[in-house]
Amino acid sequence: MRKTGRNRISGRIVETEAYPPGDPSGHVYHGRTARNQSLFLDVGFAYVYFIYGTSYMLNVTAEEPGVGAGVLLRAIEPVDGIDLMKRLRKTNKLTDLARGPGRLAAALEIDQRLDGVDLCANGPLWLGTAVRETAHISTTVRIGITREVGRLLRFFEAGSPFVSGPHSTR
DNA sequence: AAGAAGATTCGCT
DNA sequence: GCGAATCTTCTTA
């Protein structure tokens, strides 16, 4: 759920990836830095970072304070504020609005100012409750990493057209 | 101190 | 399919 001014944007989370404690492909692996400090917050805070000079990414912290682990939100199925999302993303194609982590951040107007926000509080960005049942959840290897490539830590709703990467139906 | 790689996307071929 | 965009961190000298 996202609130910008008078506008409301929201979507169902349909694809995530886990970056657990000790993961060599996680941003915490080499210790605490100015960029990754939000990952060390308590469960349910936002970790937003900028990568490749082009894209923001949104994570939800997932461990006790000081541990450093998160869940990358890779795709949402647009629910509210679709017209605004289309303007933010400069496309009218529904399935391209938030399919992929950089696109998701752009569609929700997320940038470094939302780094460290409490996602379980009444604020500009938060986690709502499910709007409907989730279909079967498929599991695969993670996308775009080069270490710990074999671990099955990507999760997505089977059959959803709003998921990035391989679209398994199992 | 400098270069390469990185949890990506877009436009062009 | 390939290269550019271009910020942060890590690696090597």
Side-chain angles (χ1 to χ4, degrees), chain A residues 2 4 9 11-63 66-78 81-117 119 125 127 137-158 160-168:
Chain A
R2 173 84 167 109
T4 64
I9 311 173
R12 293 178 64 234
I13 298 170
V14 293
E15 180 185 357
T16 65
E17 280 177 2
Y19 289 87
D23 180 1
S25 60
H27 283 188
V28 173
Y29 191 62
H30 297 283
R32 196 167 186 146
T33 65
R35 176 174 72 161
N36 69 22
Q37 56 182 333
S38 293
L39 268 179
F40 294 90
L41 295 171
D42 203 347
V43 174
F45 283 73
Y47 166 48
V48 178
Y49 69 95
F50 193 55
I51 194 169
Y52 298 129
T54 58
S55 308
Y56 288 100
M57 307 251 185
L58 171 64
N59 287 240
V60 181
T61 55
E63 290 290 340
V67 175
V71 173
L72 171 69
L73 303 189
R74 289 193 55 93
I76 62 172
E77 171 184 334
I82 290 175
D83 287 342
L84 178 52
M85 284 187 175
K86 288 177 177 174
R87 290 199 292 278
L88 290 165
R89 286 275 301 114
K90 302 188 195 329
T91 177
N92 284 319
K93 192 175 175 189
L94 193 59
T95 51
D96 278 350
L97 288 182
R99 196 188 43 156
R103 291 166 170 174
L104 182 155
L108 293 177
E109 202 172 27
I110 287 170
D111 60 25
Q112 73 285 348
R113 291 173 309 204
L114 292 175
D115 187 37
V117 164
L119 299 176
L125 181 68
L127 293 164
I137 296 176
S138 295
T139 307
T140 69
V141 297
R142 292 174 290 182
I143 294 175
I145 57 167
T146 58
R147 290 176 283 196
E148 293 287 319
V149 294
R151 297 184 72 182
L152 301 178
L153 293 175
R154 172 171 173 258
F155 306 94
F156 60 93
E157 185 175 47
S160 170
F162 300 99
V163 165
S164 72
H167 284 217
S168 165

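Just so we're clear, the structure is a prediction, and the values are computed from it rather than from any experiment. By convention in this document, chain letters (A, B, ...) are assigned in the order of the sequence lines, proteins followed by strands, and residues within each chain are numbered from 1.
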Sub-4.0 Å heavy-atom contacts from residues 100-112 of chain A onto DNA chain B, ordered by number: G100(A), P101(A), G102(A), R103(A)
Proximity to DNA chain B (any heavy atom under 4.0 Å), residues of residues 26-42 of chain A only: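 Under 4.0 Å from DNA chain B: H27(A).
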Sugar-phosphate, base or nothing in reach of I145(A), heavy atoms under 4.0 Å: sugar-phosphate
Touch class at under 4.0 angstrom, heavy-atom based, for R147(A) against every strand present: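 Nothing, no heavy atom under 4.0 Å.
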Under the rule for side-chain contact (heavy atoms from CB on, under 4.5 Å), what residues qualify as partners of [X], not counting sequence neighbours?
X	answer
L127(A)	I13(A), V60(A), L119(A)
K93(A)	T91(A), T95(A), D96(A)
D111(A)	Y56(A), R113(A)

Go through the structure and list residues passing salt bridge (charged side-chain N to carboxylate O under 4.0 Å, His left out) with [X], not counting sequence neighbours.
X	answer
R147(A)	none
E15(A)	R74(A), R154(A)
R142(A)	D23(A)

DNA chain C-proximal residues of residues 51-63 of chain A, any heavy atom under 4.0 Å: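 Listed by number, they are Y52(A), G53(A), T54(A).
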Where chain A begins and ends its contact with DNA chain C, read 5' to 3' at 4.0 Å from heavy atoms: dA5(C) to dT11(C)
OH (Y29(A)) with more than 12 external heavy atoms under 6.0 Å: no
Nucleotides bounding contact with chain A, strand DNA chain B, heavy-atom threshold 4.0 Å: dG6(B) to dC10(B)
Rounded distance in Å between the P positions of dA4(B) and dG3(C):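 My reading of the P atoms in dA4(B) and dG3(C) gives 15 Å.
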Identified side-chain contact (heavy atoms from CB on, under 4.5 Å) partner of E17(A) from the options I145(A), I143(A), L153(A): I143(A)
Canonical and wobble pairing (Watson-Crick, G-U, under 3.5 Å) of DNA chain B, dot-bracket with |: ||||||.|||||.
